[in-house]
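We name chains A, B, ... by the order of the sequence lines, and we start the count at 1 in each one. Because the structure is predicted, anything quoted here is derived from the model rather than measured.
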Number of protein chains: 2
Amino acid sequence: MITLDYQSRTPIYEQIVNEIERYISLGILKAEEQLPSIREFAMTLGINPNTVKKAYEELERRGSITVISTKGTFVSKNIGGVSQRKIKETIEKIRDEIRELEKLGISKEEIIKKL
Amino acid sequence: MITLDYQSRTPIYEQIVNEIERYISLGILKAEEQLPSIREFAMTLGINPNTVKKAYEELERRGSITVISTKGTFVSKNIGGVSQRKIKETIEKIRDEIRELEKLGISKEEIIKKL
DNA sequence: ATATTTGTACTAGTACAGATAGTACAATGC
DNA sequence: GCATTGTACTATCTGTACTAGTACAAATAT
């Protein structure tokens with residue numbers, strides 16, 4: 001399901017956050033769908049439950065999922081925000097990089113040509 | 001000269017590497033120009049000399065600077081490669097991000113419009 | 001009723017990278 | 001001779017990520 005890169009500098013829990021949000025954006029995970037329990041997910045990934053817990057906490061803070069005690073963890077109802085946020089962030093990143101390239105003397109038109 | 005972000009997740013030594021290469025690319029640092037000595041630079045930035053040393057090692061490994069024992073540290077003769085590399089890397093990053101957005105159902109044309 | 005599963009909430013410990021602190025050495029240039 | 005350069009160590013501190021383990025309450029299934 002999710003593959004982890006232990007060499008990466010981004011922490012495991014953050015990789016989980018990113019992947020889950022990616023799946024939500026892509027429609028692989030649908031609204032109100034139940035996610036694996038902390039323990040089960042940890043087992044599958046071969047990591048410690050606390051790490052999954054931390055990822056779920058961050059995802060809940062962002063409003064991507066909803067945690068219901070003794071019931072389980074679920075993808076949020078209104079998912080639209082997740083992919084909207086992702087899109088916005090990505091566009092902003094691209095803009096920053098274009099700005100960097102412009103400083104190096106390359107025009108936006110030249111950049112677009114190369115894409 | 002260089003401003004460090006201690007909140008950032010990217011290590012100090014790497015921030016130094018990035019900034020120096022940026023300055024070289026921008027022409028602020030010119031070929032064969034002498035860089036501050038390890039000790040002096042460390043003093044200026046208020047950090048430990050070993051951290052500057054590590055940055056200089058990485059920069060030398062990349063061929064951006066040349067370290068001459070008991071003489072000092074200098075920007076490399078052929079600087080062209082530095083900004084060429086930076087440009088290539090940045091373009092590649094942008095391509096990756098466009099690919100991500102396309103997966104979310106946005107066409108390249110739409111993306112370019114928003115830039 | 002009992003057992004299982006859920007999330008929650010701790011504490012303690014390990015491992016690693018980044019950064020600091022300090023010392024010492026050899027070569028160069030004044 | 002003296003200051004400055006890079007080099008090369010070792011030891012230590014610190015924060016973060018992650019692991020390990022335990023315990024609890026609420027819901028659910030049998």
**Message:** What is the distance, to the nearest angstrom, from the CD atom on B/Glu58 to the P atom on C/dA17?
**Reply:** 15 Å
**Message:** Of the listed nucleotides (C/dA19, D/dA17, C/dG7), which one gets closest to any side-chain atom of A/Ile38?
**Reply:** C/dG7
**Item:** A/Lys53 vs B/Asn48, nearer the 5' end of DNA chain C by closest nucleotide
**Value:** A/Lys53
**Close side-chain approach of A/Leu101 and B/Ile94, heavy atoms under 4.5 Å** = yes
**Prompt:** Taking CE from B/Met43 and P from D/dT4, how many angstroms apart are they, rounded to a whole number?
**Reply:** 11 Å
**Request:** For the pair A/Arg95 (side chain) and B/Lys114 (backbone), establish whether a donor and an acceptor sit closer than 3.5 Å, ignoring hydrogens and angles.
**Result:** yes
**Request:** Please round to the nearest 0.5 Å and tell me the distance separating atom OG1 of A/Thr66 and atom NZ of A/Lys77.
**Result:** 8.5 Å
**Request:** Could you tell me the separation between the CZ atom of B/Arg9 and the P atom of C/dG18, rounded to a whole number of Å?
**Result:** 13 Å
**Request:** Give a yes/no on whether any side-chain N or O of A/Tyr56 is located under 4.0 angstrom from OP1 or OP2 of C/dG7.
**Result:** no
**Asked** Is the side chain of B/Glu19 donor-acceptor paired with the backbone N or O of B/Thr3 at a distance under 3.5 Å, no angle test?
**Response** no
**Message:** Nearest whole Å is fine: how far is C/dT5 C1' from A/Gln34 CD?
**Reply:** 11 Å
**Prompt:** Mapping A/Ser69 and B/Glu60 onto DNA chain D by nearest heavy atom, which one lands closer to the 5' end?
**Reply:** B/Glu60
**Complete:** note: B/Ile68, atom CD1; D/dT7, atom C1'; distance rounded to Å ~ 15 Å
**Message:** Starting the side chain at C-beta, find the nucleotide from C/dG29, C/dT20, D/dA17 nearest to B/Lys71.
**Reply:** C/dG29
**Request:** Would you kindly give the CZ-to-P distance between B/Phe41 and D/dT4, to the nearest whole Å?
**Result:** 19 Å
**Request:** Would you mind telling me which of C/dA21, C/dG7, C/dG18 lies closest to the side-chain atoms of A/Ser37?
**Result:** C/dG7
**Request:** Answer yes or no: does a side-chain N or O of B/Lys54 lie under 4.0 Å from OP1 or OP2 of C/dA19?
**Result:** no
**Request:** Using the closest heavy atom to pick a nucleotide of DNA chain D for each, name whichever of A/Tyr6 or A/Arg39 lands nearer the 5' end.
**Result:** A/Tyr6
**Complete:** Between CD of A/Glu14 and P of D/dC18 the distance, given in whole Å, is 9 Å
**From C/dG18, C/dT6, C/dG7, nucleotide with atom closest to B/Tyr13 side chain** = C/dG18
**Asked** From C/dA21, D/dT19, C/dG7, pick the nucleotide closest to the side chain of A/Asn50?
**Response** D/dT19
**Request:** Would you indicate whether the side-chain heavy atoms of B/Leu29 and B/Leu35 approach each other to under 4.5 Å?
**Result:** yes
**Message:** Under 4.0 Å from OP1 or OP2 of D/dT19: is there any side-chain N or O of A/Thr51 that close?
**Reply:** yes
**Message:** Using whole Å, what does the distance between atom P of nucleotide D/dA17 and atom CG of A/Asp5 come to?
**Reply:** 16 Å
